Amino acid sequence: MRKETSLRVQGLKKTYANGVCALDGVDLEVGPGLYGLLGPNGAGKSTLMRTLATLQAPDAGEIYLDEIDVLAQPDHLRKRLGYLPQHIGAYPGVSGRDLLTRFAWLKGRTDRRERQAEVSILLERVNLNEAAHRAVFTYSGGMLRRFGIAMALIGSPRLLIVDEPTAGLDPAERNRFHRVLADVAADAVVLLSTHIVEDVESLCGRLAILAHGRILMEGSPSELIGSLENRLWSRVVPRGDELPEALHYSAVPDGTLAVVQAEASPGKGFRRHTACLEDVYHLALAQAGLTGAEE
Ligand SMILES: Nc1ncnc2c1ncn2[C@@H]1O[C@H](COP(=O)(O)OP(=O)(O)OP(=O)(O)O)[C@@H](O)[C@H]1O
């Protein structure tokens with residue numbers, strides 16, 4: 001039986017040459033299953049993902065995979081890593097099966113029969129069997145993302161890093177993609193970076209909220225949501241009326257829904273609001289003195 005994989009990060013810091021501090025002392029502990037990394041644009045998610053994938057070095061901090069020091073021994077992680085970046089390049093004319101076969105060869109699958117068998121299993125797993133003969137550049141956005149997962153899964157990685165995978169996917173493709181990820185997470189550590197709160201709420205056993213290069217909150221969706229129980233109120237403010245100060249606002253057909261954090265009702269027209277992960281996300285940003293997207 002495989003030993004359970006775990007990833008541990010301590011005090012990770014990264015400041016780019018232009019002076020932007022993208023990681024400001026990140027601590028994380030991630031076990032098997034799907035772990036969500038949620039944060040606004042510019043929070044430092046991709047920097048953290050690239051650093052964990054050993055594609056760039058941090059200025060300070062430590063990364064351990066299964067108690068092995070990754071910065072001292074990057075090959076230990078690389079041999080066990082599957083990485084799906086934000087963008088997959090285009091490969092004109094090459095079919096899905098051929099491209100995957102080439103990547104398998106590059107990853108050291110030198111035995112032809114084993115390579116072919118692994119490629120077939122992966123195409124099946126991401127539901128691309130029927131499109132395997134088609135050129136990859138004809139794939140839809142969703143098919144491309146699933147193809148990316150198949151590429152990342154060559155060699156059965158124990159750590160899969162997935163950077164903002166569902167942007168631009170229609171609901172059916174998003175669901176298909178989620179099922180593939182959940183299936184992979186059954187026996188690997190999957191780190192999913194996104195700014196789509198619903199993806200994390202429905203998929204991830206644990207999550208961290210990152211902003212300005214710092215972890216603001218960490219826990220399971222139910223723990224984090226539970227901490228807001230009976231503390232939220234909401235009111236639909238008709239269009240044109242003055243908005244109350246609120247944790248966050250969203251457009252609804254009759255005007256604007258204002259969600260407020262308060263121990264007792266903040267005023268006329270407010271009702272108890274059932275907390276969801278989006279409320280937690282906004283609270284984390286508000287407590288850090290931030291709102292929505294960062295400059
Ligand atoms: N190579 C780089 N050189 C200089 N600054 C960079 C570089 N890469 C990222 N940054 C800056 O570092 C900060 C964090 O960027 P990063 O891409 O890690 O955030 P993110 O959370 O992935 O954002 P997004 O959701 O928009 O992709 C941003 O302010 C960004 O402009």
Side-chain angles (χ1 to χ4, degrees), residues 7 9-30 34-63 70-71 74 77 81-89 141-142 144-145 148-149 152 159-169 174 177-178 181 189-204 206-219 221 224 248 250 277-278 280-295:
L7 180 71
V9 173
Q10 266 170 4
L12 216 57
K13 293 191 177 199
K14 175 74 184 178
T15 298
Y16 287 108
N18 60 1
V20 172
C21 175
L23 298 178
D24 191 14
V26 169
D27 298 328
L28 266 188
E29 201 152 346
V30 183
L34 253 159
Y35 191 98
L37 188 69
L38 198 56
N41 290 124
K45 302 182 297 296
S46 293
T47 301
L48 180 58
M49 294 294 180
R50 286 196 301 267
T51 308
L52 295 179
T54 72
L55 296 171
Q56 66 185 50
D59 300 332
E62 293 169 341
I63 305 170
V70 167
L71 297 174
L77 179 136
L81 172 75
Y83 177 61
L84 178 61
Q86 261 182 37
H87 304 289
I88 305 170
L144 262 184
R145 302 313 284 175
I149 284 283
L159 170 65
L160 184 67
I161 292 182
V162 187
D163 201 356
E164 301 203 5
T166 52
L169 298 190
R174 203 167 137 234
F177 188 84
H178 284 174
L181 271 192
V189 175
V190 181
L191 200 52
L192 167 72
S193 138
T194 183
H195 41 66
I196 304 177
V197 180
E198 297 81 29
D199 282 5
V200 172
E201 185 161 9
S202 59
L203 275 177
C204 298
R206 291 191 79 80
L207 71 125
I209 299 174
L210 182 79
H212 274 327
R214 276 175 284 133
I215 303 288
L216 305 179
M217 276 188 192
E218 206 273 344
L224 295 175
H248 66 99
S250 53
L277 195 59
E278 190 178 346
V280 174
Y281 174 78
H282 286 288
L283 181 67
L285 295 187
Q287 285 176 344
L290 308 165
T291 51
E294 296 171 54
E295 294 304 318

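Residues take their numbers from the sequence shown, with the count starting at 1. Read the numbers this way: they start at 1 and go in the same order the structure lists the ligands and their atoms. Nothing here was measured: the structure is a model prediction, and the numbers come from that model.
- At least one heavy atom of R50 sits less than 4.0 Å from an atom of ligand 1.
- Side-chain contact check for Q56 and Y16: at least one donor-acceptor pair (N or O, by modelled atom type) lies under 3.5 Å.
- At distances below 3.5 Å, not a single donor-acceptor pair connects side-chain atoms of K45 with backbone N or O atoms of L210.
- Using modelled atom types, no side-chain atom of K13 and backbone atom of P58 make a donor-acceptor pair closer than 3.5 Å.
- For ligand 1, none of its N or O atoms has an N or O atom of H195 under 3.5 Å away.
- For ligand 1, the atoms closer than 4.0 angstrom to any heavy atom of N18 are 4 (C), 5 (N).
- Heavy-atom distances between G39 and ligand 1 stay at or above 4.0 Å for every pair.
- Taking every heavy atom of T47 and a limit of under 4.0 angstrom, the matching atoms of ligand 1 come to 15 (O), 16 (P), 18 (O).
- When each atom of ligand 1 is checked for a heavy atom of A43 under 4.0 Å away, the hits are 19 (O), 20 (P), 21 (O).
- For ligand 1, the polar-atom distance check finds an N/O of G42 within less than 3.5 Å of one of the ligand's N/O atoms.
- Near N41, meaning under 4.0 Å from any of its heavy atoms, are these atoms of ligand 1: 23 (O), 24 (P), 25 (O), 26 (O).
- Closest non-hydrogen pair, L191 versus M49, comes out as CG-CE, 3.9 Å.
- Side-chain contact of E29 with Y35: a donor-acceptor pair under 3.5 Å is absent, judged by distance alone.
- At least one donor-acceptor pair under 3.5 Å links the side chain of D59 to the backbone N or O of T15.
- Residue V20 has at least one heavy-atom neighbour below 4.0 Å for each of these atoms of ligand 1: 11 (C), 12 (O), 13 (C), 29 (O).
- Taking a 4.0 Å cut-off on heavy atoms, P40 registers as neighbouring ligand 1.
- R50 has its side chain within reach of Y83: a pair of non-hydrogen atoms, C-beta onward, lies under 4.5 Å apart.
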